[in-house]
Amino acid sequence: MLSTLTLRELKFALEQSQPEARRLFPEAGSTERWMQIRKDERYSEFWEGLEEQAVRIQENPACLPQFSDYTVFGETGDNINFEKIRDKLYAGLHTFSLLAMTDDRPEWKTGLENAIWSVCNEYSWVPPVHAGLYVNEYPKGIWDQPAPPRETIDLQAAAIGFALAEIIYHVGHRLHPWVVFRAKEEIERRIFQVYFHDPVPQNWELKTNNWPAVCASNIGAAAIYLTQDSERLAGMLWRVIGALRQYLSGFDAEGATPEGPVYWQYGFSRLVYFAELLKERTGGRINLLAEPKIEKIAKFPHYCMLSNGKVVNFSDAAEEIRFHTGLFHRLRQTIPSLSLPPEEYQQANQFKDLWIDASRLMLWSSDQPAAEATHASDCQERVEERVFAGNQWVISKVLQTDGSVAAFAAKGGHNQEPHNHNDLGHFILHAGGVNVLADIGIGVYTRQYFQPEHRYEMIQPGSHGHSVPIINGCRQGFGQKYRTEIINQNRTEDELLFELDLSEAYECLSLQRFTRQFLWRRPTNENSQLILTDQVTLHEPSSSFQEVFICGVEPQQQGPGQVSIGVVMMTFEAKEWHVEVEEQLTVAHPAIERMFYRLLLTRKEMSESIECQFCFEIT
């Protein structure tokens, strides 16, 4: 319905179901449901911790960010300290809104009123990392101007508007009317006036990444809560729906996003939150989730889950993720064939400091009896694989003879994707619960990290931090013109073949043609094996050719042409290569250290035509 809905249908549905006749997010308005959750043993540690946090906040109230806290990003590019200050400020909103749902203790009411008032006192809901986002030169040219950047709407500002609107909808009658008035006034000024009263598109409305989903859905949710006039609301939501259509266009026909499962969850969850509110507001007349592409998108993470909490983490993402089980429970109401993530991928009682997510995680997860919870691992076949041709991803998972999971994933595409890494032809090999051939993943989000001239010199986004060659000293370039084509894909009972043409991926004048072939062998009664074949043709003999393999465990040379990498044995023609291992200590957002290893094979003799083959056998 999202792709076919018309403005006339939207307006009619809103007019036929007046807001006073419908309760929005009714689960959150049920004292009985909240008390049931308070007694649920799964969440006992969470509630105890929340009450302890409430005491700490009351004893040591959070301060608003200072001017110097705000400008440090422009001066140094660092945003971590500002995030810590802001997280503490918004912890009160999260903490006291949840506690106030369970009973009406005066200290929790006061805590929530103070938290809302403090949030409304903040200079801008847009953090410095996104200030001036509407300027084409962002993040340049912002911090040396005589006037501060005009108000815009980013991920965080939109989320604050949504959270405040929802909280005062459910408990506003218990709060001081000044607090409720102030919250509505600030949402109107900072969100509605900026978005609905200015026809100039927001920067994110032109994108196909998670931003239009997060921002538009949050804005639309706040509008549903605060706008009583159906005709005005129809016009507001029509712009929101346009942005959501833009977001969905970033998924290929098979339901994959180049941002991967982490940002899938961030963006798609907000679309679902908005869709559920719109369905409630229209008395079920509009269900944006009821269309085939939504079903494919909902099932995309299933293919990305490998084993032991590890995922396919191409681009800016960590290799471990926990999924929002409440989201999956709610999606199953529209998509009954959708499985829940295996237990090691579930958030359980791990909550983000956001009312929006935490409330739905608990309330929607408790909707379904445990007996009805079908997990992805309960119905896993021996081989589960998918070629996502639109985004040029391939993922294959295989049950080994010992019952463990082996998996292979590779990617093509182009080098200007959302959260782009220069990683065309890069691959992951998973075995024994570990990403043995790995993706380093996300770096630290600084100003420089999002400026191309600095970004691709860093190990995480640069092609030198991926399992792709360096040709004549040249790495892959940044931009849409650096791209690949799938030239062969074929699946049989025992094998998967995936071949890419990477001739256009490099900034290398001497490169004429480069193809990379992955042959993933997965016979029934043997362990899996990956054979990688690179064929390179040069206009003239190159001075150097180096194969790079990023390893999640330390490689150990076992003999000529043999390197063990955890449970994987890598073999190659020893006489052709000089082998060395380079430790690579990385720092991921926010300041998490991890050691990776760059296994470097440098070609000993060069010619105009190079063919090399590497076998990775799971032992």
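Index from 1, following the sequence. These values consider heavy atoms only, across backbone and side chains, with no hydrogens, waters or symmetry-generated copies.
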Just checking, is any N or O donor in the side chain of [X] or [Y] under 3.5 Å from an acceptor N or O on the other one?
X	Y	result
Arg598	Gln584	no
Gln546	Thr602	yes
His419	Asn209	no
Asp494	Thr492	no
Ser564	Gln558	yes
Gln476	Asn415	yes
Asn210	Glu259	yes
Thr325	Ser365	yes
Gln400	Ser528	yes
Thr401	Glu526	no
Gln416	Asn420	no

Do the rings of [X] and [Y] sit parallel, tilted or perpendicular, given the 30° and 60° boundaries?
X	Y	value
Phe251	Tyr247	perpendicular
Phe545	Trp577	tilted
Tyr303	Phe388	perpendicular
Phe614	Phe572	tilted
Tyr345	Phe323	tilted
His426	His466	perpendicular

Can we say [X] and [Y] salt-bridge, meaning some charged N sits less than 4.0 Å from an Asp/Glu carboxylate O?
X	Y	result
Asp501	Arg516	no
Arg322	Glu320	yes
Arg491	Glu495	no
Glu254	Arg386	no
Glu385	Arg522	yes
Arg475	Glu457	yes
Asp439	Lys310	no
Lys296	Asp252	no
Glu417	Lys411	yes

Quiz item: Below 4.5 Å, heavy atoms only, C-beta onward: do Val548 and Ile470 meet side chain to side chain?
Solution: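 Touching, per the 4.5 Å side-chain cut-off.
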Exercise. Tell me, with the steps shown, if Phe268 and Tyr263 meet ring-ring contact (aromatic ring centres under 6.0 Å, His included).
Key: CA-CA 8 Å; Phe268 192 59; Tyr263 280 101; over 10 Å; no
Exercise. Would you check if the distance from the ring center of His130 to the ring center of Trp204 is below 6.0 Å?
Key: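 No - the distance between ring centres of His130 and Trp204 does not fall below the 6.0 Å cut-off.
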Practice problem: Answer with yes or no after comparing the ring centroid distance for Phe408 and His430 against a 6.0 Å cut-off, counting only values under it. | Solution: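 No, too far apart.
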Practice problem: Given ring-ring contact (aromatic ring centres under 6.0 Å, His included), test Trp520 with Phe498 step by step and report yes or no. | Solution: CA-CA 8 Å; Trp520 175 236; Phe498 186 71; over 10 Å; no
Quiz item: Nearest heavy-atom pair of Ala574 and Gly561: which atoms, and what distance?
Solution: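 What the structure gives for the nearest pair is CB-N, 3.2 Å.
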Quiz item: How far apart are the closest heavy atoms of Tyr482 and Ala505, and which atoms are they?
Solution: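 In terms of heavy atoms, the two residues are closest at CD2-O, 3.7 Å.
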Exercise. Please say which of Asn313, Asp423, Ile459 ends up in a side-chain contact (heavy atoms from CB on, under 4.5 Å) with Ile440.
Key: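 Looking at Asn313, Asp423, Ile459, the match for Ile440 under the side-chain contact (heavy atoms from CB on, under 4.5 Å) is Ile459.
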Quiz prompt | Under 3.5 Å: donor-acceptor pair, side chain of Arg360, backbone of Ile356 | solution =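 Looks like yes, one N/O pair under 3.5 Å.
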Practice problem: Please confirm whether Arg594 makes a cation-pi placement over Phe596, using NZ or CZ under 6.0 Å from the six-membered ring centre and within 45° of the ring normal. | Solution: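 Yes, Arg594 lies over the aromatic ring of Phe596.
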